[in-house]
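First up is the structure itself, then whatever we jot down about it.
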Amino acid sequence: MKKVFETVSAMVLPAVVFLAIVSILVGAALFGKIGERMDIQGEDFSQMPDSQTIQDLCEREVPMIQCVGKKRWAVGESIPVAQIFAAVDAEGNKADIAVLDITDHNGDSAMEYYRKDTGQAVFSARGVYTFSLAAIDGQRKRGTGRFSVVVDGR
């Protein structure tokens, strides 16, 4: 019985491997033919007005943020964010600026010095503070920027 089992297993195992390889090759050829049959003509949406509008919006330039005020402030002096930073969109229109974060020279958050309701920051310690700002235009394009100011007691 053992001899019969060894002989059968010596024939069955290579046969199973051979059949698996053949079925993979036949399946790959068959799927290629089925895929060729399923190739249908699609509609070209690229020339439609909506597609052009979306393409124009995607290619639109993001708002640019600039520092237009002084970069050196005294300790305890009120820093009006809207007056020292300005943003313009692709057409040159003014865009609103939002403060995302303020960090000190160690990289720690200093948002406790910023008052969102007044849009002003008042720093009680000397240092270099980096403002992370975002500007969003009328088409909802968003531009970001990082600007540093020096707060010194001299």
Side-chain angles (χ1 to χ4, degrees), residues 13 16-154:
L13 185 60
V16 168
V17 171
F18 176 75
L19 288 175
I21 292 172
V22 168
S23 65
I24 289 172
L25 294 174
V26 169
L30 184 63
F31 288 140
K33 297 244 188 236
I34 291 172
E36 288 174 5
R37 286 186 186 177
M38 293 180 66
D39 188 23
I40 58 172
Q41 295 296 328
E43 192 170 343
D44 182 22
F45 293 103
S46 64
Q47 301 304 319
M48 294 192 167
D50 291 346
S51 297
Q52 188 62 38
T53 302
I54 296 298
Q55 184 176 357
D56 291 343
L57 287 175
C58 290
E59 292 175 355
R60 181 182 172 88
E61 294 292 323
V62 297
M64 297 298 297
I65 304 172
Q66 298 174 340
C67 182
V68 294
K70 64 182 185 175
K71 289 192 168 197
R72 186 172 181 169
W73 298 83
V75 174
E77 189 176 359
S78 178
I79 301 173
V81 174
Q83 291 178 4
I84 63 169
F85 301 111
V88 292
D89 64 7
E91 287 86 28
N93 300 322
K94 186 176 178 182
D96 292 330
I97 294 177
V99 176
L100 302 176
D101 194 16
I102 301 172
T103 55
D104 61 11
H105 62 279
N106 295 324
D108 298 327
S109 179
M111 282 298 286
E112 65 269 10
Y113 298 120
Y114 178 68
R115 294 204 38 181
K116 187 175 182 177
D117 57 342
T118 62
Q120 297 180 348
V122 179
F123 297 102
S124 61
R126 293 177 41 194
V128 177
Y129 295 94
T130 303
F131 286 79
S132 295
L133 305 171
I136 300 176
D137 66 5
Q139 303 299 322
R140 308 300 294 163
K141 281 292 238 188
R142 182 179 184 207
T144 58
R146 294 174 51 91
F147 301 92
S148 296
V149 295
V150 176
V151 177
D152 196 2
R154 295 184 257 172

Checklist line | Closest contact, heavy atoms only, Ala135 versus Pro63 | finding: O-CG, 3.6 Å
Next item on the list: With rounding to the nearest 0.5 Å, note down the distance linking OG1 in Thr144 to CE in Met64.
Entry: 10.0 Å
Note to self: If I take atom CG from residue Asp104 and atom CZ from residue Phe123, how far apart are they, to the nearest 0.5 angstrom?
What the structure shows: 9.5 Å
Next item on the list: May I ask you to check whether over 12 heavy atoms, not counting those of Lys70, lie within 6.0 Å of atom NZ?
Entry: yes
Note to self: Run Val99 and Leu133 through side chain to side chain contact (heavy atoms under 4.5 Å, CB included) and show every step you take.
What the structure shows: CA-CA 5 Å; Val99 176; Leu133 305 171; 3.8 Å; yes
Check: Can you tell me how far OG of Ser132 sits from CD1 of Ile102, rounded to the nearest 0.5 angstrom?
Finding: 9.0 Å
Note to self: Just verifying a value: how many Å separate Arg72 CZ and Glu77 CD, rounded to the nearest 0.5 Å?
What the structure shows: 11.0 Å
Notebook entry, point to check: Stepwise, does the salt bridge (charged side-chain N to carboxylate O under 4.0 Å, His left out) test hold for Arg60 with Glu91?
Noted result: CA-CA 10 Å; Arg60 181 182 172 88; Glu91 287 86 28; 2.7 Å; yes
Notebook entry, point to check: What is the minimum heavy-atom distance between Ile136 and Ala95, and which atoms define it?
Noted result: O-CB, 3.9 Å
Next item on the list: Scan Ile84, Asp152, Val150 and name whichever one has a side-chain contact (heavy atoms from CB on, under 4.5 Å) with Trp73.
Entry: Ile84
Next item on the list: Answer yes or no: does atom CD of Glu61 have more than 12 heavy-atom neighbours from other residues, nucleotides or ligands under 6.0 Å?
Entry: no
Item checked: Atom of Ser78, atom of Pro80 and distance for their closest heavy-atom approach -> O-CD, 3.3 Å
Next item on the list: State the CG-CD1 distance between Leu19 and Ile24, to the nearest 0.5 angstrom.
Entry: 11.0 Å
Check: Donor-acceptor pair, Asn106 side chain versus Asp108 backbone, under 3.5 Å?
Finding: no
Check: Between Phe131 and Phe147, is the gap from one ring center to the other below 6.0 Å?
Finding: no
Check: Does a side-chain N-to-carboxylate-O contact under 4.0 Å join Lys141 and Asp89?
Finding: no
Checklist line | Other residues, nucleotides, ligands: >12 heavy atoms within 6.0 Å of Asp96 CG | finding: no
Margin query: A side-chain contact here means heavy atoms from C-beta on lying under 4.5 Å apart; do Asp101 and Met111 qualify?
Written below: yes
